Amino acid sequence: MRYISTRGQAPVLTFEQAMMTGLARDGGLYVPEAVPVFSAETFAAMAGLPYEEIAFRVMKPFIGETFTDAEFKGLLAKAYAGFGHAARAPLKQIAPNHFLLELFHGPTLAFKDFAMQIIGQMMQAALARSGERITIVGATSGDTGSAAIEAFRGLANVDVFILYPHGRVSEVQRRQMTTPVEANVHALAIDGSFDDAQARLKDMFNDFAFRDEVRLAGVNSINWARVLAQVVYYVSAAVNLGAPFRPVSFTVPTGNFGDIFAGYIARKMGLPIDRLVIATNQNDILDRALRSGAYETNGVKPSISPSMDIQVSSNFERALFDAYGRDGKAIAALMADLKAGGFRISQGALETLRATFASGRASEDETLATIRATLASSGELLCPHGAVGVKVAEENLGQAPMVTLATAHPAKFPDAVEQATGLRPALPPRMADLYTRPERVTRVPNDLGALMALVRERIAR
Ligand SMILES: *Cc1c(COP(=O)(O)O)cnc(C)c1O
C-alpha cells in the first residue's frame, strides 16, 4: 500500500516511511492511496476473536510487507499485554441500545495507548533493523504525551520530547509525563496553549534542515499509523454488536479529529456504521463548521475536558481531502486561509461531510450534569470527555445500537468527576503511587529557536 499527502506535493511513501515521517514535507498529512474494502464475510469472521487477532486482520492490508505476519503478531502481543483488561476495549451497556466502549484500560488510562503502544513496538522493530536513531517530538493536550512517553521510555534508539501547555493539563496527566526516570524522556511545559505547542511542532517539521539533522519523527495524530491502530476498536465493537448483519452508530468525543477519522476509515472499509457523531465541548469549531460551513477559529477556552480544548483539528484536513475529491491544491489553499483565521467549506464538500458526520456540543454544565445523571441511571462513572460524548449521543439515538467512546478513565480527571458527583475516583492499584513520585520537567518559552536549541543540546548528550 502507498501513502499520498493531502496537499499533493510530497513524495509518495510506503507504510514504514509514512510512520517514521509523520507530517508530509508539503505540510500535508499522509493517507492511503486507496482504502481496502472488506467483505461482509471477512467482518463476520472477526466476531468473538481476541482483540490482537482483529488488529492483525484489520491492519495487515495497510502495513503491507513492513513486517512478516509472525513478526507483526509478536508486536501486537507485546503492545497490548500491559492493558488492564483481557478484552482490551470492552463494551458496557449504560441504557437501552446505548453502550460505552471503554478505551481506558491501557497503561496511561486513555485511548491514546491503543495507538501509541503499537507504534512504539513498530518503530523500535524498524529502527533495530536499520540501526538508526530518531528524535520524537510531540505536542499534547495531555493524553498523547503521557501515552507517547509510556510507549517510548527507555527505548535504545529514540529520544522523546513532549510539549504540553503549562498549567493546562490535569495533575495525573502531568505526573504521567514528568515522573518517568529514563534519560531519553524529556517533558517540556510550554508557555502557551495546545494550539501553540502544535504550531511549534509543525514549525520544527517544516524546518527541513533541522528535521533531517535530528531525524525528527512525529507521533501526534497526524501520524497515519495512529489513525490506523484506532480503526481496530471500531471494528471489534461493531462485530461484537452484530455487524455486518446490522449497522452500529458511534459517538466520538473529538479534539484533533484523529479518533473519529479512524471511524470514518472503518466505514470506508465497509463496516456498516450508521451514524458517526462528532461530540465537542465548548470549543466547538467542528460542530459550528458542520452546521454553518464556516471553519473559523476564535481562541481556545480551557474546559473540564482539556484533551478536547483545540481549535485547529489537524486531522480534519484528511476528511476535507476526501470531501474535495482528493484535490491537494484545493486543500493547500484552504490551509493557507486557515492561517489567516478561517475558510468556508464549499457547498459540495459540506454536503459530503454532512452525509457522513453528525455533530453536537456539550457545555461545561451539561458535561457535569451528564456525569451525574449517568452515575444515577447506570452506576457508571464517566470522565468529562466520555460525558461530552454521552450527552451528544443521547441526542442522536436511533434504531442502530449507539456506541459512545469512553476515551479516558475517570481517575485521570478526578476534580471534574468529584465536582459533578461528590465521588473522587481512585487510580487503579497498578499506578497508585503516581502522586508521590518526584517530577522532572523543563519550562520552555513559545519560541521555535529556543525549542530547537534545547532539542539539539539534549540529544547530544
Ligand atoms: C485525545 C483525546 C480526545 C480527542 O481525541 P482526538 O483524536 O484528538 O479527536 C478525547 N478524549 C480524550 C480523553 C483524549 O485523550
Side-chain angles (χ1 to χ4, degrees), residues 29 89 100-116 138-150 162 164-165 168-170 172-174 176-177 194-195 197-198 201 219-231 233-234 250-265 276-281 283-287 300 303-319 357 359 361-362 367 371 382-393 404-414 416-417 425:
L29 281 68
L100 287 180
L101 182 59
E102 292 187 348
L103 299 176
F104 51 70
H105 295 283
T108 69
L109 307 180
F111 82 88
K112 307 284 196 309
D113 290 323
F114 277 89
M116 215 61 82
T140 186
S141 53
D143 293 329
T144 295
S146 47
I149 285 172
E150 197 55 47
I162 297 298
Y164 69 83
R168 300 203 198 180
V169 299
S170 82
V172 174
Q173 290 176 319
R174 189 190 74 232
Q176 285 180 335
M177 294 188 276
F194 169 72
D195 286 320
Q198 182 161 258
L201 176 71
V219 292
N220 268 68
S221 57
I222 50 178
N223 192 312
W224 166 257
R226 273 191 57 187
V227 173
L228 173 59
Q230 292 169 195
V231 174
Y233 49 68
Y234 287 89
F250 289 92
T251 299
V252 188
T254 304
N256 227 345
F257 210 77
D259 203 3
I260 191 155
F261 189 75
Y264 168 82
I265 294 292
L276 194 51
V277 186
I278 298 166
T280 72
N281 66 21
N283 296 293
D284 58 354
I285 185 168
L286 288 165
D287 182 42
V300 177
S303 81
I304 53 171
S305 44
S307 302
M308 297 155 63
D309 289 349
I310 289 172
Q311 285 291 309
V312 179
S313 289
S314 298
N315 277 286
F316 193 51
E317 178 169 343
R318 288 186 160 117
F357 299 104
S359 70
R361 78 188 291 274
T367 305
I371 296 176
L382 296 171
C383 102
H385 307 78
V388 167
V390 165
K391 188 262 175 186
V392 174
T404 297
L405 274 53
T407 49
H409 192 288
K412 215 165 177 181
F413 304 92
V417 174

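Remember, it's a predicted structure, so these values are computed and weren't measured experimentally. In listed order, ligands and their atoms are each counted from 1.
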Closest protein heavy atom (residue, atom, distance) for [atom]:
atom	value
atom 12 (C) of ligand 1	T407 OG1, 3.3 Å
atom 6 (P) of ligand 1	N256 N, 3.5 Å
atom 5 (O) of ligand 1	F111 CZ, 3.4 Å
atom 9 (O) of ligand 1	G255 N, 2.8 Å
atom 7 (O) of ligand 1	D259 N, 2.9 Å
atom 15 (O) of ligand 1	D143 OD2, 2.3 Å

Considering distance alone, does some N or O of [X] sit under 3.5 Å from an N or O of ligand 1?
X	value
H385	no
T254	no
Q230	no
C383	no
F257	yes

Hey, could you give me the [atom1]/[atom2] distance between [X] and [Y], rounded to the nearest 0.5 Å?
X	Y	atom1	atom2	value
H385	F104	NE2	CZ	13.5 Å
I278	I285	CD1	CD1	11.5 Å
L109	L103	CG	CG	12.5 Å
R318	S313	CZ	OG	13.0 Å

(message) As a quick check of understanding, evaluate side chain to side chain donor-acceptor pair (under 3.5 Å) for Q173 and S307, giving each step before the final call.
(response) CA-CA 10 Å; Q173 290 176 319; S307 302; 3.3 Å; yes
(request) Without swapping roles, check the side chain of D309 against the backbone of S303 for a donor-acceptor pair under 3.5 Å. (result)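 Judged by distance alone, yes, a pair lies under 3.5 Å.
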(message) Could you tell me if N281 and S305 have a donor-acceptor pair between their side chains, going purely by distance under 3.5 Å?
(response)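 Judged by distance alone, the side chains do pair up.
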(message) Under 3.5 Å, is there a donor on one side chain and an acceptor on the other for N315 and N256?
(response)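 Checked: N315/N256 side chains show no N/O donor-acceptor pair below 3.5 Å.
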Using a 4.0 Å cut-off to any heavy atom of [X], which atoms of ligand 1 qualify?
X	result
P253	4 (C), 10 (C)
G258	6 (P), 7 (O), 9 (O)
M308	10 (C)
K112	1 (C), 2 (C), 3 (C), 14 (C), 15 (O)

(request) Tell me whether the centres of the aromatic rings in F357 and F257 are closer together than 6.0 Å. (result)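 Close enough - the centres of the two rings lie under 6.0 Å apart.
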(message) side chain to side chain contact (heavy atoms under 4.5 Å, CB included) for D143 and K412? Distances and angles first, verdict last.
(response) CA-CA 9 Å; D143 293 329; K412 215 165 177 181; 2.8 Å; yes
